[in-house]
2 protein chains.
Amino acid sequence: MPTAPESSAEQFGTYPATGRSTPTRAKERAAYDRATVHAILDQGYLCHLGYVRDGAPVVLPTLYARSGERLYVHGSTGSRPLREASGGGLPVCLTVTHVDGLVLAKSAFHHSVNYRSVVVHGTAFDVTDPGERAAALDAIVDQAVPGRSADTRRPNAKELAATAVIRLDLREVSAKLRTGGPNEEPEDVTLPYWSGVLPVVTSYGVPEPAELPGQDIALPDYLPPVPR
Amino acid sequence: MPTAPESSAEQFGTYPATGRSTPTRAKERAAYDRATVHAILDQGYLCHLGYVRDGAPVVLPTLYARSGERLYVHGSTGSRPLREASGGGLPVCLTVTHVDGLVLAKSAFHHSVNYRSVVVHGTAFDVTDPGERAAALDAIVDQAVPGRSADTRRPNAKELAATAVIRLDLREVSAKLRTGGPNEEPEDVTLPYWSGVLPVVTSYGVPEPAELPGQDIALPDYLPPVPR
């Protein structure tokens with residue numbers, strides 16, 4: 001991909017807050033430091049990608065990978081947003097969200113969710129460099145299952161030709177987080193309703209091998225990955 | 001809210017496929033029947049809501065509720081999209097995604113994800129009817145934790161005034177699903193790479209009661225809800 005190792009500035013700096021990356025409410029939950037943003041992105045593999053088509057918004061779930069200060073998304077060369085990115089670039093908003101818990105307050109009004117999200121605004125461009133394309137496709141596989149791409153049959157010329165890769169640089173980025181228990185109005189504290197947090201946990205089940213005749217391949221060491 | 005019980009036409013009909021609700025690829029994964037769409041929506045509580053601001057897409061995670069053929073989203077009256085919906089309506093795309101498993105094929109190319117998603121296109125309108133607003137707010141609480149709203153201190157006038165509710169009717173709607181094991185090229189089947197599905201499971205942890213002095217409130221029967 002030829003991505004250089006992250007410099008300490010990249011690891012420890014902050015993204016500049018812009019008009020559209022500054023929330024209008026709950027500003028205290030916003031974060032712009034790279035360490036927080038990278039940690040949230042690195043814990044996920046599914047994003048919701050938004051773009052504008054005929055003046056209206058479209059939001060589709062898709063896989064992504066982070067490599068340094070770049071995000072990659074792939075798809076069929078026939079898919080709409082990827083076709084549109086091959087021109088002058090496609091304005092997108094890429095959002096990653098982890099839900100950590102349901103927050104149950106005494107009042108309905110103060111019910112909330114503990115979560116960590118990252119919102120990236122920018123323009124996505126088609127990746128044409130063969131080396132960067134191949135590395136990006138590996139990164140997308142490894143984002144979901146670290147170590148997996150090296151243990152697969154790699155893409156051939158026909159598959160590479162059928163796959164579009166777009167890149168979105170991390171420039172206009174914000175994280176938003178909520179942690180902790182419910183907020184309460186002082187007069188509600190003694191009300192007789194249970195209050196607290198119901199943790200939401202995402203984990204992996206037992207791997208289900210494909211049923212192929214005559215195969216007895218040991219489960220690779222990288223499975224199951226660390227629950228997240 | 002005064003929503004009538006679902007008629008059999010609503011339960012068993014299909015949403016019309018339109019240009020933008022028809023995928024350009026993997027059409028065999030698309031579904032338009034209400035039963036499938038409702039089941040996917042009813043299993044979730046978090047959506048990604050997309051809208052257009054200054055010509056660029058914005059995608060934000062937020063809670064939702066389904067009530068019959070209507071979706072509701074709430075937020076602060078100060079939040080951008082909710083302010084904008086109070087005029088002539090806000091074009092939105094509301095997407096709900098459940099990840100069920102990571103699909104590991106012999107080839108990197110055929111790696112995939114088992115998932116169920118619903119994409120709703122339409123125009124969201126501000127809800128002004130007091131009864132519909134109150135019922136929608138209850139529904140949003142109950143979407144995440146069924147039965148919870150009746151066991152809370154209900155919103156007062158000040159809280160209702162601070163909360164905006166928008167409605168998006170289910171008219172232009174599609175579901176997309178992938179299930180099953182990996183697809184393989186015939187020549188890949190005997191390759192020595194493990195292949196199969198790594199199930200992804202979302203569940204609830206042990207409820208964490210708020211630390212309030214002098215309270216010993218039993219865990220309500222509705223907690224924890226059925227894992228989903």
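Below, all heavy atoms of this structure are taken into account, side chains as well, without hydrogens, waters or symmetry copies.
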Test log, rule side chain to side chain contact (heavy atoms under 4.5 Å, CB included), inputs B:V145 and B:Y45: CA-CA 9 Å; B:V145 184; B:Y45 51 84; over 6 Å; no
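Of the residues considered (A:P91, A:P209, A:G180), A:P209 shows the highest number of contacts with chain B, using heavy-atom pairs under 4.5 Å. Among B:T95, B:N156, B:L137, the residue with the largest count of heavy-atom pairs under 4.5 Å with chain A is B:T95. Considering only heavy-atom pairs separated by less than 4.5 Å from chain B, the leading option among A:Y193, A:Y115, A:F109 is A:Y193.
In this structure, chain A has a heavy atom under 4.5 Å from the side chain of B:V113, while its backbone stays farther away. Interface remark: B:E185 contributes side-chain atoms only to the contact with chain A (heavy atom separation under 4.5 Å). Interface residue B:V141: only side-chain heavy atoms are found under 4.5 Å from chain A. B:V99 touches chain A through its side chain: at least one heavy atom from C-beta onward sits under 4.5 Å away, while N, CA, C and O do not. Proximity to chain A (any heavy atom under 4.5 Å) is shown, for B:L219, by both the backbone and the side chain. The contact between A:S117 and chain B is made entirely by side chain atoms (from C-beta outward), counting heavy-atom distances below 4.5 Å. Proximity to chain A is limited to the side chain of B:V119, based on heavy atoms less than 4.5 angstrom apart. Both the backbone and the side chain of B:D151 come within less than 4.5 Å of a heavy atom in chain A. Residue contact with chain A, scored on non-hydrogen atoms closer than 4.5 Å, involves the backbone and the side chain of B:L104 alike. For B:T123, no part lies near chain A; criterion is any non-hydrogen pair under 4.5 Å. Both the backbone and the side chain of B:S195 come within less than 4.5 Å of a heavy atom in chain A. For B:L212, the part lying under 4.5 angstrom from a heavy atom of chain A is the side chain only. Proximity to chain A is absent for every atom of B:V103, based on heavy atoms less than 4.5 angstrom apart.
Using a distance-only test at 3.5 Å, with no hydrogens or angles considered, no donor-acceptor pair links the side chain of B:D169 to the main chain of B:R171. A donor-acceptor pair under 3.5 Å is absent between the side-chain atoms of B:E172 and the main chain of B:T18, judged by distance alone. Between the side chain of A:Q215 and the main chain of B:V189, a donor-acceptor pair closer than 3.5 Å is present. In this structure a side-chain-to-backbone donor-acceptor pair under 3.5 Å is present from B:R133 to B:T163.
A salt bridge links A:R153 to A:E159: at least one charged side-chain nitrogen sits closer than 4.0 Å to a carboxylate oxygen. Using a cutoff of 4.0 Å between basic side-chain nitrogens and carboxylate oxygens, A:D142 and A:R148 are not scored as salt-bridged. Ion pairing of B:D100 with B:R178 is absent here, as no side-chain N (NZ or NE/NH1/NH2) approaches a carboxylate O to less than 4.0 Å.
Residues meeting the side chain to side chain donor-acceptor pair (under 3.5 Å) test with A:H98, sequence neighbours left out: none.
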List, one per line, each side-chain donor-acceptor pair under 3.5 Å for residues 48-56 of chain B, sequence neighbours excluded.
{"residue": "B:H48", "atom": "ND1", "partner": "A:H48", "partner atom": "ND1", "Å": "3.3"}
{"residue": "B:H48", "atom": "NE2", "partner": "A:T97", "partner atom": "OG1", "Å": "2.8"}
{"residue": "B:R53", "atom": "NH1", "partner": "B:E84", "partner atom": "OE2", "Å": "3.1"}

